[in-house]
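Take a look at the structure set out below.
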Amino acid sequence: MGSRSSHAALIPDVDHIRRETGFSQASLLRLYHRFQALDREEKGYLSRLDLQQIGALAVNPLGDRIIDSFFPNGSQRVDFAGFARVLAHFRPVDEEDATIRDPKQPEPLNSRMNKLRFAFQLYDLDRDGKISRNEMLQVLRLMVGVQVTDEQLESITDRTVQEADEDGDGAVSFMEFTKSLEKMNIEQKMSIRILK
Amino acid sequence: MLGAAMLLFWLPLVGAGATDKPTQESVPLGEPPPGLALFRWQWHEVEAPYLVALWILVASLAKIAPRVQAGLLDFLLFGSLISAVDPVAVLAVFEEVHVNETLFIIVFGESLLNDAVTVVLYKVCNSFVEMGSANVQATDYLKGIASLFVVSLGGAAVGLVFAFLLALTTRFTKRVRIIEPLLVFLLAYAAYLTAEMASLSAILAVTMCGLGCKKYVEANISHKSRTAVKYTMKTLASCAETVIFMLLGISAVDSSKWAWDSGLVLGTLFFILFFRALGVVLQTWVLNQFRLVPLDKIDQVVMSYGGLRGAVAFALVILLDRTKVPAKDYFVATTIVVVFFTVIVQGLTIKPLVKWLRVKRSDHHKPTLNQELHEHTFDHILAAVEDVVGHHGYHYWRDRWEQFDKKYLSQLLMRRSAYRIRDQIWDVYYRLNIRDAISFVDQGGHVLSSTGLTLPSMPSRNSVAETSVTNLLRESGSGACLDLQVIDTVRSGRDREDAVMHHLLCGGLYKPRRRYKASCGRHFISEDAQERQDKEVFQQNMKRRLESFKSTKHNICFTKSKPRPRKTGHKKKDGVANPEATNGKPPRDLGFQDTGAVILTVESEEEEESDSSETEKEDDEGIIFVARATSEVLQEGKVSGSLEVCPSPRIIPPSPTCAEKELPWKSGQGDLAVYVSSETTKIVPVDMQTGWNQSISSLESLASPPCTQPPTLTRLPPHPLGMEETQVPLDMSSDPRSSFAFPPSLAKAGRSRSESSADIPQQQELQPLMGHKDHTHLSPGTANSHWCIQFNRGGRL
């Protein structure tokens, strides 16, 4: 990758990004190339339109939400750092990281908690820290494919919320969300090998 | 540990032939410890005698070296057949061990797929041996390799073709359900034969056939057929296995068939272990470059230790031609010993080994809606992220496949009605509801109507916080929708009939509740299936009750069901259950999501509809368990012969405390045993007496001691009471079987109901209709488990 490595220098803030995201040099390069490929007009940042151009994303029920997650705080553009930051959540968890990590530093972006937080944000559209029944209903509507009537959907929603809800406020907070998924192997489920 | 084991393996190998043993055995000299040395390595002092002794040992070992006359090709042939891992043995052993799915599928999958390799290698080597080693040319080797691909891919293709055929034909078997098991067996066997005929890999063909068609066939065929296929397959597999190992044993004893050679046997035993371990290590190293979760050492140990040889090797060795392979008898003996050793020794010790190594076991956690939902969400998220990254990874392809399947394959191969209802989240939800309902009622909970009933919900007497969700729901007293309302599946008439029939019939005899959890072995049907069926029945029941309410609302048309002979003492699984089973559980949940108590959504809806439902019950045939006075629900239930009806014979006495009454069998313990008390017979209305007696007699064997506390309420003659209800057009006279209809008017009263439906066979106590006072409902053949549904009309006392 002789010719490629020279590009590493082109990535702005590459060291900072590496520290923050934990990607390897190779992965970062690959992401940068992808970023550039998506950025058709070479603006140096991505807009929503660029991401929506990705064909497969359009048919994905959660496509919109994913795209939104790239634009936190209502901004309309995402630079490479932000791009990498979001994707860092899907980096596979390294076993060694957990032990040698300096406890004072913030958790790496691909820790279990952060993965869960990312997923939580996909549900919690209004960012109030809870998944309300309504939000759950919307997600379920997306996910339950089959022709299910509204009442059935409502009952599923109720049940889902009740399963997770412990303090009885009718919404699922982040901790409750985490707890309901404690048996699931999040580190595996939410990782993409290629991003190692 | 592995290092030590390897060292141990090396020693005999060293002794057997190497000449430079001493160096390998020497341990680096350490420095003499200060002070009194308790232990010193004194190699140089014993060197000479040690070497001499070793030489003698080697010479004597050489005596037991194989004296078999066989050339390289013969040994290659032997190697090809002895190295194959056998799926039968692996399955038998691993199913008891319950390792995690990854490990299981790796070993088991290997055993299945290596059939192609084994067959090819065997045939190639066999033909080489026949041609004679001198005549083998380079092109033959290439042809051998090519034939490997042809055989395996061809076999798989044959299997897939038959899978397609099978799925397609089962799509149209709605009216001739009886041939469905036949179709499955025959087409699968045809796949096997076809592959054999074309000298392709037959095992691969059958495997691919099963893999390919499972999803569609499962959706298409009826519940009964599924059961039939499942049980029959298990039986057949068991028989075949037994026969094979018997043959093995007999051959072992019949010494004319084999010739013993210690060197060959011992050498083979050692080398298969050694080389398997080596192969596993090498291949996992390669694989780990591509795996998200690498296979660690423990996995590798289990993989190499779990490679059991079995009948395939034996069959192949028996087939050798003695004229071409003179060493056949030695090979046979060796194969027998190897098979015995691996199956017995390795098979027996693998379980302790797994425990000792703390291998990750398969976790049977209960499905929760949250997990199911989030799993799906994560799948989509990951697919999306993969798209963003531009990498066509596992999720991307999986997504693509699912879309293709949804658009084309499922539409083509799955029956329309089944196709509409399949959804995994829905399935989990459905099952959870059933489970909760059953467990809740089991605890003696009451089913209250949720229309702000005045009656306070009574905590069940034996309520233990069994399921957290149940309690949660109960405590939260939320207006969780009881899905009875939303039960709305568009099903064909026949499906509905089936459902009803099944339901009614299930009301028949059920086995007593199992007190143990059956282990999920190859020879047992998993418990889940049972429970699921139970739940389906129960759910059916509830659904039926509500169907009537919803019929007007949702335009579900009911069709008359034909009378069916009552099947005594058999578990549900009739074709009736088919719709539920096959259609992924129609959304008929008996939403027992309690709200303080299990509340039937009947509530206000029912009350409005009860009137209209009145008019609908023209032919009240069969058992009519009207949840609330809607008897047309039960129209569908035509059951011939004595039926199923009757769960608890509780008649709530006309007292305000009726709501607190519990079923007599509930007093004391939550043990809903079967009671068939003589008293109950008395309360059976006259015209149902015969049916009642029939069911009782058939239940003789199942009946447990009569309930100790005969329901005092049962003294009340339900019959006249029932008849008093002018509003209720009880077609008792016309209906030879038991049928109860609750007057719709009662539905209007605010009432609290606790539903209890006991096992029909076990608790054939009728719940006679109580006039307008109390109603205890007969749940039409609701589930077999011991949940009881009581409908107490307390308000109406």
Side-chain angles (χ1 to χ4, degrees), chain A residues 30-31 34 37-38 51 54-57 59-63 65-67 70 83 86-87 90 92 119 122-123 136 139-140 142-156 158-160 162-166 168 170 172 177 180-181 183-184 186 188-195, chain B residues 290-293 363 365 368-371 373-391 393-396 399-400 403 406 419-423 425-426 429 432-433 468-469 472-473 475-476 478-483 485-488 490 554 584 587 589 591 593:
Chain A
R30 174 188 294 158
L31 287 180
R34 177 69 178 166
L38 287 174
L51 286 176
I54 305 175
L57 218 48
V59 293
N60 193 316
L62 295 174
R65 297 181 183 224
I66 299 273
I67 294 180
F70 278 99
F83 185 72
V86 169
L87 289 178
F90 294 94
L122 289 177
Y123 290 94
M136 188 71 89
V139 174
L140 272 167
L142 290 173
M143 304 304 306
V144 175
V146 126
Q147 289 79 345
V148 171
T149 66
D150 283 336
E151 296 118 335
Q152 290 162 343
L153 210 53
E154 302 255 336
S155 46
I156 296 182
D158 284 323
R159 173 119 196 187
T160 313
Q162 274 164 352
E163 257 181 18
D165 193 13
E166 286 166 10
V172 181
F177 179 73
S180 73
L181 290 180
K183 290 235 179 83
M184 200 190 292
I186 302 288
Q188 233 183 305
K189 273 242 138 212
M190 274 193 65
S191 299
I192 299 186
R193 188 182 61 85
I194 210 78
L195 293 175
Chain B
F290 303 102
R291 283 180 61 92
L292 179 62
V293 178
D363 53 346
H365 58 263
T368 62
L369 259 186
N370 270 285
Q371 268 187 323
L373 168 67
H374 295 311
E375 272 196 36
H376 283 256
T377 325
F378 288 161
D379 285 343
H380 284 286
I381 294 177
L382 281 192
V385 172
E386 276 186 3
D387 291 329
V388 170
V389 173
H391 162 65
Y394 162 69
H395 295 274
Y396 173 76
D399 232 25
R400 284 274 295 259
Q403 281 172 20
K406 207 192 272 205
Y419 172 64
R420 265 198 293 240
I421 321 219
R422 289 187 66 85
D423 184 74
I425 296 182
W426 180 259
Y429 175 61
L432 283 177
N433 269 336
S468 61
V469 182
L472 187 73
L473 293 173
E475 286 151 21
S476 57
S478 71
C481 168
L482 300 178
D483 303 319
Q485 253 175 8
V486 302
I487 291 171
D488 183 15
V490 181
H554 300 282
D589 306 287
Q593 295 179 346

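Residue numbers begin at 1 in each chain, while the letters A, B, ... track the order of the sequences.
- You'll find the side chain of A:Phe90 stays beyond 4.5 Å of the side chain of B:Glu386, heavy atoms only.
- Looking only at side-chain heavy atoms (C-beta outward), A:Leu122 and B:Ile381 come within less than 4.5 Å of each other.
- Not counting sequence neighbours, the partners of B:Asp379 by the salt bridge (Lys or Arg N to Asp or Glu O under 4.0 Å) test are A:Lys189, B:Arg398.
- No part of B:Arg400 comes within reach of chain A, as not one of its non-hydrogen atoms sits under 4.5 angstrom from that chain.
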**Asked** Between A:Arg34 and A:Leu38, does a side-chain contact (heavy atoms from CB on, under 4.5 Å) hold up when you go through it step by step?
**Response** CA-CA 6 Å; A:Arg34 177 69 178 166; A:Leu38 287 174; 4.0 Å; yes
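- For a residue to count as touching a neighbouring chain, one of its non-hydrogen atoms must lie under 4.5 Å from one of that chain's; by this rule B:Gln403 touches chain A with the side chain only.
- When the candidates A:Val139, A:Val172, A:Leu31, A:Leu62 are compared by the number of heavy-atom contacts under 4.5 Å with chain B, A:Leu62 comes out ahead.
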